Amino acid sequence: MAVSAMRVFAKACIWSESSGDLSSRPHYPSMPRYPKGVQVEENLMVVGSEAKAVFSVIGMKCSACAGSVEKAVKRLPGIRDAAVDVLNNRAQVLFYPSFINEETIREAIEDVGFDATLLKEGLNESPSQICRIQIKGMTCTSCSRTIESVLQGVQGVQKAQVALATEVAEIKYDPKLVNYSHLIEVVEDAGFEAILISTGEDKSKIHLKVDGLLSEWSTSLIKNSLEALPGVEDVDIDLMLHKVSIAYKPDQTGPRNFIQAIESVGSQQFKAMLFPEVGGRETHREEEIKKYYLSFLWSLVFTIPVFLLSMVFMYIPGVKNKLDTKLVNMLSVGELLRWILSTPVQFIIGRRFYTGAYKALRHGSANMDVLIALGTNAAYFYSVYSVLRAATSKNFKSMDFFETSAMLISFILLGKYLEVLAKGKTSEAIAKLMNLAPDTAILLTLDSEGYVINEEEINSQLIQKNDVLKIIPGAKIASDGFVIWGQSHVNESMITGEARSVAKRKGDQVIGGTLNENRVLHVQATRVGSESSLAQIVRLVESAQMAKAPVQKVADRISKYFVPLVIVISFSTWLAWFLAGKYNGYPKSWLPSSMDSFQLALQFGISVMVIACPCALGLATPTAVMVGTGVGASKGVLIKGGQALESAHKVNCIVFDKTGTLTIGKPIVVSTRLLQNMVLREFYELVAAAEVNSEHPLAKAIVEYAKKFRGDGESWAWPETRDFVSITGHGVKATVQNREIIVGNKSLMLESNISIPVDAEDILAETEGMAQTGVLVSMNGQMVGVIAISDPLKPSAKEAISILKSMNIKSIIVTGDNWGTANSIAKEVGIETVVAEAKPDQKAERVKELQASGLTVAMVGDGINDSPALVAADVGMAIGAGTDIAIEAADIVLMKSNLEDVITAIDLSRKTFSRIRLNYIWALGYNLLGIPIAAGVLFPGAQIRLPPWVAGAAMAASSVSVVFCSLLLKNYRRPKILDKLEVCEIMIER
């Protein structure tokens, strides 16, 4: 069935085996690690060999230079990873020697405009680790930039990225030179609160709480007992917290084994359980929201009386007389009350702004807190000067602005409260994903014959690999696995976005977090904890939200000079109005009652200082990217960051692979033509033995077909294979039962010096004419047969291509299949340009040719042979049911394997960047219009001026409005035309 492709969805969420390879820089997809046990031959697939080269790169001046070098290298086929150190003028490259050599890499660097020299190869360095830290106290991009620069200055830190919207820092570092504890200290020394979220060591790590009297002897006994278990890598015991942290290999052991080992120590005096989690990210967000809410309420307690004393009671005759009562000389009761009430707001409730300003200035930068502190201090201390002078003078009539400073702080706190409230909603997608996993699971104990002898409810975190779980109707599946008993329908919409329930029976894969609908299932767990599909998706979305879109650099550059410029404009405004008043530059009638020229100028200066808002600029891109990637995940489209989003909205050409992309990827054998006398069963025994190690869909079809020649009771073990070689895009070679077997296309046979008889040529032409693929089989140098394989088109392929044409996007097929089949498929779907019989590097070259012609190219593929092209394309899109390698190399993963999601991904990226542009227009327009109005441009003609407290309220509203503008993306609906596509089921013979 068409839905059978969903069974292998789990691959869609798997990153490379080493989490340390995760890059926090804007994402340029890199060549992933090939499967173990494969060897490389020519430019084809086969592993074992991975090389490392270090180049001296002369001429780099900034991170932009490093980025251009890194991008140029990573776009080359055969590159696994690359890192550029601009400070030390070094570029380190991991690559596959059979795809590319050092000289080609060096030339690519020089083509970018820098001098490159190869220094050394094959360095045996330990892999980098990544830690994620929650940072509290950031107010704008100046804060995040300060933290980034401080972290980058730490020896051993390779890359540091700080996301203002998520308040998370992701640091890639060398664990030999620095540890995460030191990184936290560095952040705290910079004046911010830092809380560890995760480290590179957390992937297979669990924390247990031990109840009982722990001594040095018992601690040593527990540690030794745990370390004796197979698969345990490290044990750390915190006596103060009674906490045991265990790093382990989930394939060999698990948390229940640890609990059993601890509780069996000594006279069984200890009780072990999961260590209670304290303060997750959502908890910190809630604490921050509560803190701003309480601060705002307390500020109102003092500000409302100040407002009433200044703006209301002064117009009530009886009350006004009492407030004007003089206490000392010209000091009145009202002035003293306003001073007393505004002081707690300024120095206690507003203390956070002083702290933030001090932290920023200490590191040579200026942020929003600096503007607020300067503006409120100017109003407050002038007012203090005014009332003190009134108290010491018998004829000075004071004019205070205590209400300005108090109301400013109150409105800003209200704005920050609404902002953190809204920012919390931008990350709801991750919170929803994390909440999909059930808290408990039913663990089954089976006897030797497979019968259930016991069932027990356990915490889902205690599930171990190979556990058998009972999933009752209406319950969530607690772990990735496969069905070993029962039939049911499973709702996978929360993971894949697929609206229809998927039928599951024995042997089908299931995804943790999905909902079992109508019957009981017994599921054997395969991936648990941090290895599960759900956990991988969460990590992918988190990483995507960390990566900055290139357009964010505009805001970063502006914010660097924004605050100093505003301070200069504010001072200039005050000076201009003050001098104009002093030298009669405007009529006295312009002056408000009870205000002189100095006070008017001061109000204009303060208004300019507090209306300017760098926060809106800093939040314009990351909030939209956060919501956009979250919405994408809910629609079954995983977008790996802002770089992918920005590139996708420019796409005007899409290159499609054929097998598994335009076709459903579940090919079936439709006919077999033998060219020599041979028993068909024996023929398929040998061919299946050669093909069983291949990941290609055609190979899987042959193996499945070969199984039909065996009886129900026969083993599925195939004859022993030696010297297996997979030749990407061509076929396989192997020795089976002392026969040299070659299975593949025409090109492979010709390269292997095997002649193709006329009969075989005729059969190939016939199969290609029917849009089928002909697979040639040779044994010991002789052609023995042709296998015809059909792979039907996906139901919506033709309509999807038609819609792309209406969006002015050109479609091209580039496939390793033969010309006849490729042309037949292209004609059926309406694609005019076809490139067939293309090797992996030729696919990548074709992509580069299209880019050179000025097109922004997306590549859609699913196989190993698509990886170089996925890397080379501006946007790589991997079909979710494809191979791990294709998924790792791609920028966007289509989890449902539907071509409609290609359209959804492009449309969502366009909508997201439309929102980003709108955010920037608002943020820049607000400042460009607000600052002149606050400076008094409208005052001479229309007598319109913005009091400082109104300017402060406008400033607070600007940040909130940008976040809410981004939140409107949550209402995104895919193009209506996609809903009209006919949904059909294709029955595929298993």
Side-chain angles (χ1 to χ4, degrees), residues 139-142 164 353 357 366-379 401 403-405 407-419 422 554-577 590 592 600-621 623 915-966:
T139 56
C140 62
T141 50
S142 178
L164 174 64
F353 302 117
N367 61 7
M368 188 192 75
D369 291 331
V370 173
L371 296 178
I372 295 170
L374 285 173
T376 56
N377 276 341
F401 301 128
E403 81 286 349
T404 295
S405 65
M407 291 174 70
L408 255 178
I409 289 172
S410 295
F411 276 115
I412 291 167
L413 286 173
L414 173 61
K416 294 301 290 183
Y417 166 68
L418 295 175
E419 183 183 320
V554 176
D556 291 344
R557 283 195 292 268
I558 293 174
S559 66
K560 187 175 181 180
Y561 306 102
F562 186 86
V563 174
L565 181 63
V566 168
I567 293 173
V568 170
I569 294 174
S570 175
F571 178 77
S572 301
T573 299
W574 168 81
L575 186 63
W577 278 101
W590 285 10
L600 179 65
L602 183 63
Q603 284 222 345
F604 280 128
I606 293 172
S607 294
V608 169
M609 194 168 294
V610 298
I611 200 172
C613 183
C615 296
L617 281 172
L619 293 170
T621 297
T623 53
R915 190 67 56 184
I916 289 173
R917 290 192 192 99
L918 188 62
N919 284 348
Y920 273 125
I921 290 171
W922 166 250
L924 288 170
Y926 160 82
N927 283 292
L928 291 174
L929 290 175
I931 290 176
I933 293 172
V937 170
L938 300 179
F939 188 67
Q943 296 294 293
I944 295 175
R945 66 183 179 92
L946 289 181
W949 64 270
V950 175
M955 183 270 284
S958 66
S959 296
V960 177
S961 61
V962 164
V963 177
F964 276 107
C965 185
S966 294

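Just so it is clear, the model here is predicted, and its values are computed rather than measured.
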Does any non-hydrogen side-chain atom of M609 lie less than 4.5 Å from one of T573? no
Exercise: identify the closest heavy-atom pair between C965 and L918: SG-CD2, 3.7 Å
What distance separates T621 OG1 from R917 CZ, expressed to the nearest 0.5 Å? 11.0 Å
On a heavy-atom basis, which atom in W577 and which in A935 lie closest, and how many Å separate them? NE1-O, 2.8 Å
Show which side-chain atoms of residues 368-376 pair as donor or acceptor with protein atoms under 3.5 Å away, not counting sequence neighbours.
| unit_1 | atom_1 | unit_2 | atom_2 | d |
| --- | --- | --- | --- | --- |
| T376 | OG1 | Q346 | NE2 | 3.2 |
| T376 | OG1 | I372 | O | 2.8 |
| T376 | OG1 | A373 | O | 3.4 |

Indicate yes or no: at least one non-hydrogen side-chain atom of F353 is less than 4.5 angstrom from one of L413. yes
Closest approach of G936 and F604, non-hydrogen atoms and distance? CA-CE2, 3.5 Å
Option among V950, L946, N927 that satisfies the side chain to side chain contact (heavy atoms under 4.5 Å, CB included) test with I611: L946
Heavy-atom pair of closest approach, residues A620 and S966: O-OG, 4.2 Å
With rounding to the nearest 0.5 angstrom, report the CD1 to CZ distance, I933 to R945. 14.5 Å
Parallel, tilted or perpendicular: which one describes the rings of F939 and W590, with boundaries at 30° and 60°? perpendicular
Between L408 and P948, which heavy-atom pair has the shortest distance, and what is it? CD2-O, 3.4 Å
Atom pair CD1 (I931) and CG (L565), whose distance is rounded to the nearest 0.5 Å: 7.5 Å
Let me confirm one number: the CG-CG distance from N919 to L924, rounded to the nearest 0.5 Å. 10.5 Å
Using modelled atom types and a 3.5 Å cut-off, is there a donor and acceptor pairing between side-chain atoms of S570 and backbone atoms of V566? no
Which heavy atom of A951 sits nearest a heavy atom of Y926, and at what distance? O-OH, 4.3 Å
Taken to the nearest 0.5 Å, the spacing of I567 CD1 from F562 CZ works out to 10.5 Å
